Amino acid sequence: MTAVDPSRLAASARAVLARNDRGTWTVPSTTLYPHQWLWDSCFVAIGLATIDPGRAATELRSLLRGQWSNGMVPHMVFAPGVDDLGSRRLWRSQRDPRAPRDVDTSCITQPPVLAIAVHAVAARLAGAERDAFLADVVPRVLAYHGWLYRERDPARTGLVTLVHPWECGLDTTPPWMAALAGAPQPWWLRAALRLRVARLVRWFRRDTRYVPAAERSSDDDGLRMLALARSLGRAGYDLARLPPGALRVEDVAFNALLIVANRRLAELAGAAGVPVDDDLTAAMASAPVRFEELWSDADAAYCARDATSGAPLGPPTIASFFALWAGVRPDRQRTLVSQLRESRWNPAHPVPSVAVDAPVFDARRYWKGPTWINTNWIVVEGLRAAGESQLADRLRDASLALVAEHGFAEYFSPFDGEPLGADEFSWSAALTLALL
Ligand code: 9WN
C-alpha cells in the first residue's frame with residue numbers, strides 16, 4: 001500500500017475543490033458534470049467543513065435554492081448557460097408551478113444526505129454564525145423529509161419509494177438496471193432497442209466525449225433512463241399518478257441513508273428549537289423497523305424491493321453495507337461485517353460496488369463493480385457506528401492510499417486501482433479531507 005503523506009494529500013484535495021468551485025457551489029467535475037448535484041454538494045460540504053465551515057455552509061444554502069415549494073430537493077440545479085442532453089431540456093422545471101422561478105432544476109431527488117451534511121457543518125460553526133445557519137436551513141430540511149414521507153410513502157410503510165435510478169445515486173447499479181429493463185417500455189423505445197439504434201445516442205452523449213464508453217452506462221441503459229424521465233414528466237413527477245406498471249422501488253441505499261439523516265435532523269431540530277410534526281416523528285420512528293423488511297435471506301443481504309410486488313431486486317450491491325450506518329439487527333450486522341472480510345468484497349482496492357464474483361460484475365463500468373470514495377466513506381461511518389473501529393481504520397487507510405496513488409478519480413478498478421470516469425472529482429477530494 002502506498003505510504004500516505006497526509007498534508008500533501010490534503011493540499012491536493014483542496015486544490016481540486018478550489019478548481020471545481022463556482023463561488024457558492026461546486027461542480028462534481030469541470031468536464032463531465034458542469035451543474036450542481038444534491039449528494040455531491042453534501043459530500044463537498046462534509047469535506048469543506050473540516051477546512052472552511054463558512055464555505056461549506058454556503059454550499060448547502062446554495063443547494064437549497066433549488067428546493068421546490070412542496071419541500072422536494074432536486075437532484076440537480078442547473079448552471080446557467082450550460083446545455084447538454086439529459087439535463088435542463090429534459091426536465092424543463094419551469095413548467096411546474098412548484099419549481100423555483102429563478103433557477104432550473106431536475107424534477108426528482110437524490111439520496112437524502114442533506115441533514116447529515118448540515119449536521120457536520122453545524123458542528124464546525126460556532127455562535128451567531130451557527131445559529132443563523134440552523135435557523136435558515138433546518139426548517140427547509142424538515143420540509144424535505146416531510147415531502148419524502150408524505151409524497152413518496154403515502155401508504156406510511158416507513159420506506160420511501162423511488163421512481164428513477166438517478167434518485168438512488170448509484171445510477172446504473174445492477175438491481176435497478178434489471179428492474180428498468182423489465183418495466184414496460186414505450187413502443188418507440190422497444191423498437192429502438194430491437195433495431196440497436198440506441199448506439200446512435202452516443203453521438204449526442206456528453207459523457208462519452210470525456211470518458212471511454214466502457215466506463216459509463218451502456219447506450220441501452222442510458223436510453224431507458226432518458227425515456228423513464230420523460231414518462232415521469234407525463235405523470236407530473238407524482239408517485240400517485242404513475243401508471244400501474246411503472247417502476248417503483250424501495251431502495252436500500254436511499255432508505256438506509258434516510259434513517260441516518262432522520263437521526264441527525266431530530267438532533268438539529270432540537271438544537272434550533274424547531275418542532276418536528278407528529279407525522280414526521282412517527283415516520284422517523286417506524287423507518288428503522290420497516291427497513292429490516294429489505295433483508296433477503298436468500299441473498300444474505302439488504303436488497304432493494306419492487307414496491308408494487310414486494311419482490312427483492314438482486315443482486316446485492318455495496319448498498320447492503322449502508323445498513324451498518326442505519327443500525328440493524330445484531331445478527332445481520334455481524335453477517336455484513338464478516339462479508340466485508342470475504343475476498344469477493346475485499347479485492348486489492350475495496351469495497352467494490354458489486355461483489356467481484358457476481359455474474360454482472362464489471363471492474364471498469366460505473367456502478368457495476370468499481371470502487372468509489374463516497375461509498376467507502378459511508379461504509380467507514382457504518383463500521384464505526386457498529387463498533388468495528390479496526391475494520392473502519394483499515395478501510396479508511398485503504399481509501400486514502402488509493403487516492404494518494406491514483407488521484408481523485410470518480411471511481412477506480414477494485415483490482416489494480418486504475419482511475420476511471422472523470423478525474424479531479426469533487427467528492428473524492430472532499431471525502432479524502434473528511435477521512436483524513
Ligand atoms: C446523473 C454527479 C452525479 C452523481 C451520481 C452519479 C452520476 C449522473 C450521470 O453523476 O449521475 O445524475 O450523469 O450519470 O451516478 O451519483 O451524483 O457526480
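Since this is a predicted model, take the numbers as computed values, not measurements. For ligands, and for the atoms within them, numbers begin at 1 and follow the listed sequence.
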Enquirer: Measure up the Phe43 and Trp427 rings against each other and bin them: parallel (under 30°), tilted (30 to 60°), perpendicular (over 60°).
Expert: perpendicular
Enquirer: Which residue in the set Asp171, Thr317, Asp251 passes side-chain hydrogen bond (donor to acceptor under 3.5 Å, both in side chains) when paired with Trp176?
Expert: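 Only one option passes, and that is Asp251.
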Enquirer: Under 4.0 Å from any heavy atom of Phe425, which atoms of ligand 1 are there?
Expert: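 Per the distance check, 18 (O).
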Enquirer: Going by the atom numbers of ligand 1, which of them fall below 4.0 Å from some non-hydrogen atom of Pro28?
Expert: 2 (C), 18 (O)
Enquirer: Examine Phe321 together with Tyr302 and report whether their ring centres are nearer than 6.0 Å.
Expert: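 Between Tyr302 and Phe321, which both carry aromatic rings, the centre distance is not below 6.0 Å.
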Enquirer: Any idea which protein heavy atom is nearest atom 7 (C) of ligand 1, and the distance to it?
Expert: Tyr366 OH, 3.0 Å
Enquirer: Using a 4.0 Å cut-off to any heavy atom of Arg216, which atoms of ligand 1 qualify?
Expert: 9 (C), 13 (O), 14 (O)
Enquirer: For atom 12 (O) of ligand 1, which protein heavy atom lies nearest, and how many Å away is it?
Expert: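 Result for atom 12 (O) of ligand 1: Trp37 NE1, 2.9 Å.
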Enquirer: When the ring planes of His75 and Trp166 are compared, do they come out parallel, tilted or perpendicular, using 30° and 60° as the limits?
Expert: parallel
Enquirer: Can you tell me which residue and heavy atom of the protein come closest to atom 16 (O) of ligand 1, and the distance to 0.1 Å?
Expert: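 Among all protein heavy atoms, the one nearest atom 16 (O) of ligand 1 is Gly169 O, 2.6 Å.
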Enquirer: For Lys368 and Ser353, what are the C-alpha separation, side-chain angles and deciding distance, and is it a side chain to side chain contact (heavy atoms under 4.5 Å, CB included)?
Expert: CA-CA 6 Å; Lys368 299 198 178 194; Ser353 37; over 6 Å; no
Enquirer: Enter the distance from Leu17:CG to Glu59:CD here, rounded to the nearest 0.5 Å.
Expert: 9.0 Å
Enquirer: Can you tell me the protein heavy atom closest to atom 4 (C) of ligand 1 and the distance?
Expert: Asp40 OD1, 3.5 Å
Enquirer: I need the atoms of ligand 1 closer than 4.0 Å to a non-hydrogen atom of Trp166, numbered in the order shown.
Expert: 1 (C)
Enquirer: Please work out, at 4.0 Å between heavy atoms, whether the side chain, the backbone, both, or neither of His75 comes within that distance of ligand 1.
Expert: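 It is the side chain that touches ligand 1; the backbone stays farther off.
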Enquirer: What about Trp37 and Trp25, are their ring centers closer than 6.0 Å?
Expert: no
Enquirer: Does Met76 have a non-hydrogen atom less than 4.0 Å from ligand 1?
Expert: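 In this structure, Met76 fails to qualify as a contact of ligand 1 - no heavy atom is under 4.0 Å.
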Enquirer: Decide if the gap between the ring center of Trp372 and the ring center of Trp367 is smaller than 6.0 angstrom.
Expert: yes
Enquirer: In ligand 1, which numbered atoms sit nearer than 4.0 Å to a non-hydrogen atom of Trp39?
Expert: 4 (C), 5 (C), 16 (O), 17 (O)
Enquirer: Give the atoms of ligand 1, by number and element, whose distance to some non-hydrogen atom of Asp171 is under 4.0 Å.
Expert: 1 (C), 6 (C), 7 (C), 8 (C), 9 (C), 11 (O), 12 (O), 14 (O), 15 (O)
